[in-house]
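This report refers to the structure that appears directly beneath it.
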Amino acid sequence: MLAILCSSRLPAQTEASNSAAAPANPWNFNVSIYGYLVLDGQSYASPTFTADHNSLHLEARYNYEAQRTGSLWAGYNLSVGEKLVFEATPMIGGVFGDVNAVAPGLLYTLTYKKVELYSANEYLFDTSTKAGNFFYTWTQLTYSPLEWLTVGYVVQRTRAYQTPLDIQRGLLIGFTRRKVNFTTHIFNVGQADPTLVLSLGYSF
């Protein structure tokens, strides 16, 4: 009888211990820093931190909308599709520092096999003047011929630094090693003074 009772309890105990050991609904974090190498002394760094928990998306940025300016964001993650996968995160953010504003935003990614379209967008409503309202975008189309290699085309619209171009276009090449990603972007080649953007990201 004792042997039967012990044997009947062991699977339940093992299942309970396994469920306790496996974290339910874990958080996913990413920290990245973008270094903008701009002529005329405008170079700066822009760090970003994101946290995702199921459908919840939280994000903090600095020097993104403007230099010496931070922003905090909250959004809702959506995803549809299997082979052709569309992911979107509508967000609302508050901007503070040299610029003070409220900004609705949208992140979205469209992925098919080794090709990916990614776009981060926001419209900034300046609380001090309507002249400060501005639409920001960073959009890139990439191809990953290898698991660790990404190449692509990138477009951005920003007021964080001065440029004669309203929309900047460039090329990128990225390398991934486990949870670390390093990407080089070069904008405005042949159009204006080139801008080099180096990004380093870590996911955990």
Side-chain angles (χ1 to χ4, degrees), residues 22-36 44-127 133-142 144 147 150 152-160 172 174 176-183 185 197-204:
N25 303 323
W27 286 85
N28 295 312
F29 301 101
N30 177 271
V31 58
S32 61
I33 185 165
Y34 284 69
Y36 285 76
Y44 65 98
S46 177
T48 300
F49 174 79
T50 64
D52 291 275
H53 181 71
N54 294 334
S55 297
L56 176 65
H57 175 82
L58 301 175
E59 187 166 341
R61 304 170 178 171
Y62 188 70
N63 282 348
Y64 186 90
E65 290 77 15
Q67 295 188 38
R68 297 173 297 278
T69 299
S71 59
L72 297 175
W73 299 80
Y76 189 84
N77 295 319
L78 304 167
S79 180
V80 294
E82 295 182 0
K83 292 185 178 180
L84 179 64
V85 181
F86 177 71
E87 298 173 304
T89 305
M91 307 187 299
I92 187 69
V95 183
F96 51 90
D98 282 4
V99 174
N100 296 289
V102 176
L106 175 66
L107 309 175
Y108 69 84
T109 305
L110 184 64
T111 306
Y112 180 72
K113 295 184 178 180
K114 298 181 179 183
V115 179
E116 180 179 277
L117 174 66
Y118 167 80
S119 188
N121 307 276
E122 67 175 272
Y123 192 88
L124 184 146
F125 292 94
D126 196 313
T127 56
N133 297 351
F134 193 77
F135 174 71
Y136 294 79
T137 187
W138 176 291
T139 301
Q140 60 186 40
L141 179 64
T142 58
S144 300
E147 185 178 354
T150 300
Y153 179 75
V154 58
V155 172
Q156 74 163 341
R157 188 170 190 258
T158 182
R159 281 196 312 196
L172 68 86
T176 301
R177 172 69 174 174
R178 296 179 181 175
K179 298 181 179 182
V180 178
N181 175 272
F182 176 77
T183 305
H185 317 74
V197 182
L198 306 176
S199 69
L200 180 65
Y202 176 68
S203 299
F204 57 100

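The 12-atom threshold is not exceeded at OH of Y112, counting heavy atoms of other residues, nucleotides or ligands nearer than 6.0 Å. Heavy atoms from other residues, nucleotides or ligands lying under 6.0 Å from OH of Y153 number more than 12.
Here the side chain of T150 pairs no donor or acceptor atom with the backbone of G174 at under 3.5 angstrom. In this structure, the side chain of N63 engages the main chain of R68 through a donor-acceptor pair within 3.5 Å. Of the possible donor and acceptor atoms, one in the side chain of T69 sits under 3.5 Å from a partner among the backbone N and O of D98. Listed for the N133 side chain is a donor-acceptor partner under 3.5 Å among the backbone atoms of D126. With H185 contributing its side chain and V197 its backbone, the two residues share a donor-acceptor pair below 3.5 Å. No side-chain donor-acceptor contact under 3.5 Å links T137 to the backbone of Q156.
In plain terms, the two heavy atoms of T158 and Y64 that are nearest each other are OG1-O, 4.0 Å. Between A101 and T127, the shortest heavy-atom contact is CA-CG2, 3.9 Å. Residues W73 and P104 approach most closely at CZ3-C, 4.2 Å, considering heavy atoms. The two residues P47 and A45 make their nearest non-hydrogen contact at CD-O, 3.8 Å.
Taking CD from E65 and CD from E122, the interatomic distance works out to 4.0 Å, rounded to the nearest 0.5 Å. From L110, atom CG reaches atom OG of S119 across 11.0 Å, with rounding to the nearest 0.5 Å. Rounded to the nearest 0.5 angstrom, Y118 OH and L107 CG are separated by 5.0 Å. How far CG of N30 is from NZ of K179: 11.5 Å, rounded to the nearest 0.5 Å. Here the OH-OH distance, from Y36 to Y44, works out to 4.5 Å after rounding to the nearest 0.5 Å. Put simply, CD on E147 and CZ on R177 are 10.5 Å apart, with the number rounded to the nearest 0.5 Å.
In this structure, the ring of W138 has its center less than 6.0 angstrom from the ring center of Y34.
When T89, N28, N77 are each tested for a side-chain hydrogen bond (donor to acceptor under 3.5 Å, both in side chains) with D52, only one passes: N77. Screening T142, T109, L141 against L117 for a side chain to side chain contact (heavy atoms under 4.5 Å, CB included) leaves a single residue, L141.
A cation-pi contact, defined as under 6.0 Å to the ring centre and within 45° of the axis, links R157 to F134.
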- Task: With side chain to side chain contact (heavy atoms under 4.5 Å, CB included) as the test, would you mind laying out the steps for L58 and F49 before giving the verdict?
- Result: CA-CA 8 Å; L58 301 175; F49 174 79; over 6 Å; no

- Task: Give the C-alpha distance, both sets of side-chain angles, the deciding distance and a yes or no for side chain to side chain contact (heavy atoms under 4.5 Å, CB included) between L78 and F86.
- Result: CA-CA 8 Å; L78 304 167; F86 177 71; over 6 Å; no

